[in-house]
Amino acid sequence: MTLRLPDARGGLRAYEPRAEPLAVTAGTPFTSRTVFSAAHVVADPFADTTPDGPAAVDWDATLAFRRHLWSHGLGVAEAMDTAQRGMGLDWAGAAELIRRSAAEARSVGGRIACGVGTDQLAAGTPAEVRAAYEEQLAVVEESGAQAILMASRALCAAASGPDDYLEVYGHLLRQAAEPMVLHWLGPMFDPALEGYWGTPDLDAATEVFLEVVAAHPDKVDGIKVSLLDAGREVALRRRLPDGVRCYTGDDFHYPELIAGDDRGFSHALLGVFDPLGPLAARAVRALDTGDVTGFRALLDPTVDLSRHLFQAPTRFYKTGVVLLAWLAGHQSHFTMVGGLQSARSLPHLARAYELADGLGLFPDPKLAEDRMRTLLSLHGVDQ
């Protein structure tokens with residue numbers, strides 16, 4: 001049946017849902033690239049909580065979604081901004097998520113890396129920021145997961161210049177048990193991170209970032225770059241020490257960055273691979289065989305959906321991600337921790353459904369159609 005979807009101009013347009021999903025199969029990890037999907041958390045819809053209260057997580061559904069990603073060969077990047085760190089999920093909830101997901105990874109042989117931040121600290125001195133990082137790093141290392149050193153709002157507020165970043169990061173890298181991933185998250189994802197690395201000048205900030213890496217190449221597995229600037233990422237990855245990976249976090253240009261050029265390529269740690277997981281896995285397997293054309297043919301058409309999900313205000317991309325998980329049958333409801341299911345408009349959500357359906361992302365297109373019809377009805381759109 002035809003759906004009537006709202007558009008951004010206040011009208012309705014007819015859309016004919018796709019009848020068949022894209023054919024995908026589960027598989028083993030990849031050989032040509034290291035690929036992580038940053039994964040969302042599933043809220044408990046029956047919890048009596050408030051948007052600013054502690055997150056109520058449906059642990060069974062949350063862990064089931066991680067098993068889904070592992071089954072397709074993807075690694076899981078846990079407790080990152082996709083999991084609503086600092087936007088509904090506090091440190092206590094994140095620590096529990098890390099422990100549970102790391103244990104689940106061990107039980108199924110899945111790869112996992114977990115975010116280390118300072119979100120238990122609202123504000124403080126650089127020394128207090130360092131201590132907050134150390135507390136979280138201990139939790140991740142005790143869980144047996146790889147650590148991803150996330151950007152810190154508190155450090156950004158407390159630092160007087162680049163030297164404070166060099167001191168804090170240097171101290172953490174020296175004491176890390178295993179090589180970590182350093183995450184440079186741009187202000188489009190979190191406005192509180194404007195001027196990270198001690199300067200608003202991105203060229204100068206890049207030099208500080210590279211200085212951190214160059215001083216500790218044995219403790220840096222890789223860097224994750226989330227600046228939505230493909231040219232800057234390519235220039236940065238070409239300057240990395242041998243053996244240090246570049247993980248793209250660019251949800252606008254990921255096909256070209258992962259495919260690479262004659263001077264290198266990016267691995268991936270992407271929030272958009274949460275909804276794209278099976279399709280992304282199929283594309284990377286084509287790349288494993290050397291089929292760059294096949295890889296691009298599968299992944300290039302997904303960019304329109306990704307750009308839509310991550311449109312400004314970019315930090316609210318999680319709402320579209322969770323909508324698609326509900327439509328795909330990975331959870332029974334469209335509820336988010338912190339009440340963020342209300343962070344995007346109905347026209348935005350309708351367009352996300354249309355783009356995802358056109359790609360064949362829904363294993364059961366009829367279920368997705370029925371659930372979208374329910375959402376539209378709840379908003380007063382008669383079908």
Side-chain angles (χ1 to χ4, degrees), residues 1-19 21-22 38 40 43 51 81-82 84 87-88 186-191 226-230 249-255 270-276 279-280 299-331 333-362 364-383:
M1 295 176 62
T2 300
L3 280 175
R4 299 169 71 223
L5 299 179
D7 60 32
R9 297 180 298 277
L12 293 171
R13 66 185 186 280
Y15 176 71
E16 188 69 32
R18 179 174 176 143
L22 184 71
H40 74 282
D81 54 300
T82 303
Q84 296 181 240
M87 290 185 69
M188 67 289 295
F189 289 93
D190 187 343
S226 299
L227 299 176
L228 303 184
D229 184 334
D250 189 331
D251 300 279
F252 285 2
H253 307 100
Y254 52 93
L270 288 160
V272 76
F273 278 8
D274 179 305
L276 292 183
L279 192 156
L299 216 52
D300 282 358
T302 69
V303 172
D304 283 347
L305 171 62
S306 187
R307 285 177 175 263
H308 177 74
L309 295 176
F310 286 79
Q311 69 181 223
T314 302
R315 63 188 181 278
F316 294 125
Y317 74 88
K318 298 94 168 174
T319 302
V321 165
V322 174
L323 170 82
L324 298 182
W326 173 56
L327 296 177
H330 295 299
Q331 55 193 79
H333 57 85
F334 179 39
T335 306
M336 298 176 67
V337 298
L340 278 189
Q341 67 271 12
S342 64
R344 292 292 201 188
S345 69
L346 185 63
H348 177 93
L349 299 177
R351 181 61 177 157
Y353 160 74
E354 182 178 3
L355 290 168
D357 183 66
L359 291 168
L361 292 185
F362 301 129
D364 183 343
K366 186 62 170 62
L367 173 68
E369 177 189 343
D370 289 345
R371 289 185 168 183
M372 193 65 207
R373 196 179 300 279
T374 297
L375 183 66
L376 292 167
S377 178
L378 287 171
H379 285 78
V381 180
D382 294 328
Q383 296 296 315

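- Between Leu375 and Tyr353 there is no side-chain heavy-atom pair separated by less than 4.5 Å.
- No side-chain heavy atom of Gln341 sits under 4.5 Å from any side-chain heavy atom of Val322.
- In this structure, CD in Glu369 is found 10.5 Å from OG1 in Thr374, a value given to the nearest 0.5 Å.
- To the nearest 0.5 Å, the span separating CE on Met372 from CH2 on Trp326 amounts to 7.5 Å.
- The stretch residues 1-11 participates, sequence neighbours left out, in these salt bridge (charged side-chain N to carboxylate O under 4.0 Å, His left out) pairs: Asp7-Arg9.
- Residues Gly329 and Leu367 come closest through the heavy atom pair CA-CD2, 3.9 Å.
- Ala280 and Leu299 get closest at one heavy-atom pair: CA-CD1, 4.1 Å.
- Within the 4.5 Å cutoff, the side chain of Met336 has no heavy atoms near those of the Met87 side chain.
- Side chains of Leu309 and Asp251 form no contact here, defined as non-hydrogen atoms less than 4.5 Å apart.
- Of all the heavy atoms in His333 and Gln331, the pair that sits closest is O-NE2, 3.1 Å.
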Q: Using the side-chain contact (heavy atoms from CB on, under 4.5 Å) rule, take Leu378 and Phe334 through it: C-alpha gap first, then chi angles, then the decisive distance, then the call.
A: CA-CA 12 Å; Leu378 287 171; Phe334 179 39; over 6 Å; no

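- Contact of the Asp190 side chain with the Asp81 side chain is not registered, since no non-hydrogen atoms from C-beta on lie closer than 4.5 Å.
- Between Arg351 and Glu354 a salt bridge is recorded (basic side-chain N to carboxylate O distance below 4.0 Å).
- Phe310 is linked by a ring-ring contact (aromatic ring centres under 6.0 Å, His included) to Tyr317, counting only residues two or more places apart in sequence or in another chain.
- Atoms CG and NE2, on Leu349 and His379 in that order, are 7.0 Å from each other to the nearest 0.5 Å.
- Pairs engaging residues 308-318 under the salt bridge (charged side-chain N to carboxylate O under 4.0 Å, His left out) rule: none recorded [sequence neighbours left out].
- With His40 as reference, Val321 is the one residue of Leu324, Val321, Thr319 to meet the side chain to side chain contact (heavy atoms under 4.5 Å, CB included) rule.
- To the nearest 0.5 Å, atoms CZ (Arg373) and CG (Asp382) are separated by 11.5 Å.
- The shortest non-hydrogen separation linking Leu227 to Gly186 is CD2-CA, 3.7 Å.
- Contact record, Thr82 with Gly271: OG1-CA, 3.6 Å, taken as the closest heavy-atom pair.
- Here the side chains of Leu359 and Leu355 are not in contact, with every heavy-atom distance at 4.5 Å or above.
- Residues His308 and His348 form a side-chain contact, since some pair of their non-hydrogen atoms from C-beta on lies under 4.5 Å apart.
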Q. Between Val303 and Tyr254, does a side-chain contact (heavy atoms from CB on, under 4.5 Å) hold up when you go through it step by step?
A. CA-CA 8 Å; Val303 172; Tyr254 52 93; 4.0 Å; yes

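- Between Val272 and Ser306 the shortest heavy-atom distance is CG2-OG, 3.3 Å.
- Within the model, atoms OG1 of Thr302 and CG of Leu276 stand 5.0 Å from one another, a figure rounded to the nearest 0.5 Å.
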